[in-house]
Amino acid sequence: MNSKLLFYSAAAAALAAGAAAVSSCKKAAANAQKPLNIVYIMTDDHTAQMMSCYDTRFAHTPNLDRIAADGVRFTESYVANSLSGPSRACMLTGKHSHANGFTDNTTCVFDGDQPTFPKYLQKAGYQTAIFGKWHLESLPQGFDRWEIVPGQGDYYNPDFIVESGDTVQVHGYLTDLITNKSLNWLENERDKDKPFCLLIHHKAIHRNWLADTAHLRLFEDRTFELPDNFFDDYQGREAAAAQEMSIFKDMDLIYDLKMDRSDKDSPLKARYHSYIDRMDSEQRAKWDAFYEPIIKDFYAQNLSGKELAQWKYQRYMRDYLKVVKSLDDNVGRVLDYLEEKGLLDNTLVVYTSDQGFYMGEHGWFDKRFMYQESFHTPLIMRLPKGMDRRGDITEMVQNIDYAPTFLEIAGVEIPADIQGVSLLPLLKGDKPENWRDALYYHYHEYPAEHAVKRHYGVSDGHHKLIHFYNDIDQWELYDLDKDPSEMNNIYGQPGTESITADMRKKLKDLQEQYDDPIRFSYPL
Ligand code: SGN
Ligand code: CA
């Protein structure tokens, strides 16, 4: 059977199985004639605190807000393992890290022979493509067209790995270039008779936050309020105390904050140079013209202690927002294109990040912990005709749910070994009974950069139980309603016995359900 026929038969099978959805029969029939397209935009380290549709304190992201305004915003959206490669593998497979095999960025190579949602969609007659950050070490499979950046990618004049396996350097700013390639594929390269699934994977807003020269001067007049727990002392939280992701202690003055001067040194100075040396003379001249007075002023001030910490936080916030600005503009270009071509009514547009990020909460940058800022990830969707839900969706969802959602949308039967759950009923406005009441999390990358200990845990939205293990054995329990910033570890305190037992049971059940072998090392 050719792939197009296979698509229609899959859609027909889905229709036949849809006796329960009699009321939406008409819509389903319409979809079967004209299958929905999917545009999946994923950024890196873009946290909800820095999107105005989630949080108006810092950022103004009008284009991201357009997505949420014409669709839905998930308020309880989480990752399974707060790190790039693992998140991407969870997203592609619909399975937790131990099940898809990609548990950490440093030791894993993604087994590209395993089933992924792009492969299933391809079989069902979709055209599939990915442009941008991939970060899974093996080359992409399941795509009709791909171009990826090696590893983390470079903001300026980046290299792309192309399908022949060659590496090609392209002049420009990465966020623009990934968008250009994506729009070019939509307009000139795809087979317009087929439905499409396009993955646009940005490097932005990843460290070390190199802004486009056009945006360098933005936000310089802004002073940002410090989070209440910026000067956290990590009392009662051994793993939090052991981390190396403090803005004050670990954020590099040259690499992260660009305070580069010939007589100054820092642990990551050479890495900074390897990045900015990619700029051409025009880009570099603008860069230097902007930074020179700031560098001069910074060293003249000779800051230390809390003053230095606060100065670092302000520069971090400004740099991050400048990189967000490019991203938001480029998302706008994609939305405008889809609108102009009359594709919006028939396309689901998803925007998410590979995880959340700390913007000074607990004094940190980076992610990895199961604490809220990095466990949470933004998820907004612009919905096509026929999906009527609008506003907030408050059910607990996780990045393992994306694959089954896309399969159901394409009329492909969801394989039994997929661990996530399709979000389609939520998008259609249903209120499914028995929606999951707790989420499982497992972070594996230790020892590694930023020194975040291995841990697994469970959250039901009201309480969170975490076990840090490996070279540590510490349990943490949080009452999220009373202590949303997770400052007060109440594990083992009198009066918490029954909630602890309840949360341990939830953790045990999820470890069994997902078949995580860690449960044999630390039986509950
Ligand atoms: C790089 C960064 C880290 C970051 C990891 C993982 N260091 O190694 O700060 O935690 O990526 O990020 S850097 O000096 O190279 O910038 S992830 O999002 O790709 O998982
Ligand atoms: Ca990331």
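The figures here come from the full heavy-atom set of this structure, side chains too, leaving out hydrogens, waters and symmetry mates. Read the numbers this way: they start at 1 and go in the same order the structure lists the ligands and their atoms.
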Polar atom proximity, Tyr275 to ligand 1 (N or O, under 3.5 Å): no
Heavy atom of the protein closest to atom 19 (O) of ligand 1 (residue, atom name, distance): Gln152 NE2, 2.8 Å
Atom 5 (C) of ligand 1: the protein heavy-atom neighbour that sits closest, reported with distance to 0.1 Å: Arg368 NH2, 3.6 Å
Asn208, any N or O under 3.5 Å of ligand 1 N or O: no
Proximal heteroatom of Asp44 relative to the Ca ion (ligand 2) (N/O/S): OD1
Metal-centred angle, OD1 of Asp45 through the Ca ion (ligand 2) to OD2 of Asp354, rounded to 10 degrees: 150°
Which of the ligand 1 atoms, numbered from 1, are nearer than 4.0 Å to a heavy atom of His135: 19 (O)
Test item, Tyr255 contacting ligand 1 (heavy atom, 4.0 angstrom): yes
Atom NZ of Lys264 with >12 non-hydrogen neighbours under 6.0 angstrom: yes
Centroid-centroid under 6.0 Å between Tyr337 and Trp185 rings: no
Taking atom 14 (O) of ligand 1 as the reference point, the nearest protein heavy atom with its distance: Arg271 NH1, 2.3 Å
Aromatic ring pairing Tyr443/His455, orientation class (parallel under 30°, perpendicular over 60°, tilted between): tilted
Taking atom 8 (O) of ligand 1 as the reference point, the nearest protein heavy atom with its distance: Glu449 OE1, 2.6 Å
Numbering as shown, the atoms of ligand 1 that approach Lys133 to under 4.0 Å (heavy-atom distance): 19 (O)
Met251 to ligand 1, any heavy atom closer than 4.0 Å: no
Which of the ligand 1 atoms, numbered from 1, are nearer than 4.0 Å to a heavy atom of Gln355: 18 (O)
Protein heavy atom at shortest distance from atom 4 (C) of ligand 1: Asp366 OD1, 3.5 Å
Close-contact set for ligand 1 against Asp354 heavy atoms, below 4.0 Å: 18 (O)
Ring centroid separation His442 to Tyr469 under 6.0 Å: yes
Side-chain heavy atoms of Ile67 within contact of Val350, under 4.5 Å: no
Within the 6.0 Å centroid threshold, strictly below: Phe468 and Trp475: no
Sub-6.0 Å ring centroid separation between Tyr522 and His467: yes
Whether Lys367 lies under 4.0 Å from ligand 1, heavy atom: yes
Any donor-acceptor N/O pair, Gln355 side chain to His376 backbone, under 3.5 Å: no
Heavy-atom nearest neighbour in the protein, as seen from atom 9 (O) of ligand 1, with distance rounded to 0.1 Å: His450 NE2, 2.6 Å
Residue pair Ile200 / Ile178, side-chain heavy-atom distance below 4.5 Å: yes
Gln355 N/O/S atom closer than 3.0 Å to the Ca ion (ligand 2): yes
Which of the ligand 1 atoms, numbered from 1, are nearer than 4.0 Å to a heavy atom of Asp45: 18 (O)
Polar contact flag, side-chain donor to acceptor under 3.5 angstrom, Asp280-His171: yes
Asp252 (side chain) donor-acceptor with Ile254 (main chain) under 3.5 angstrom: yes
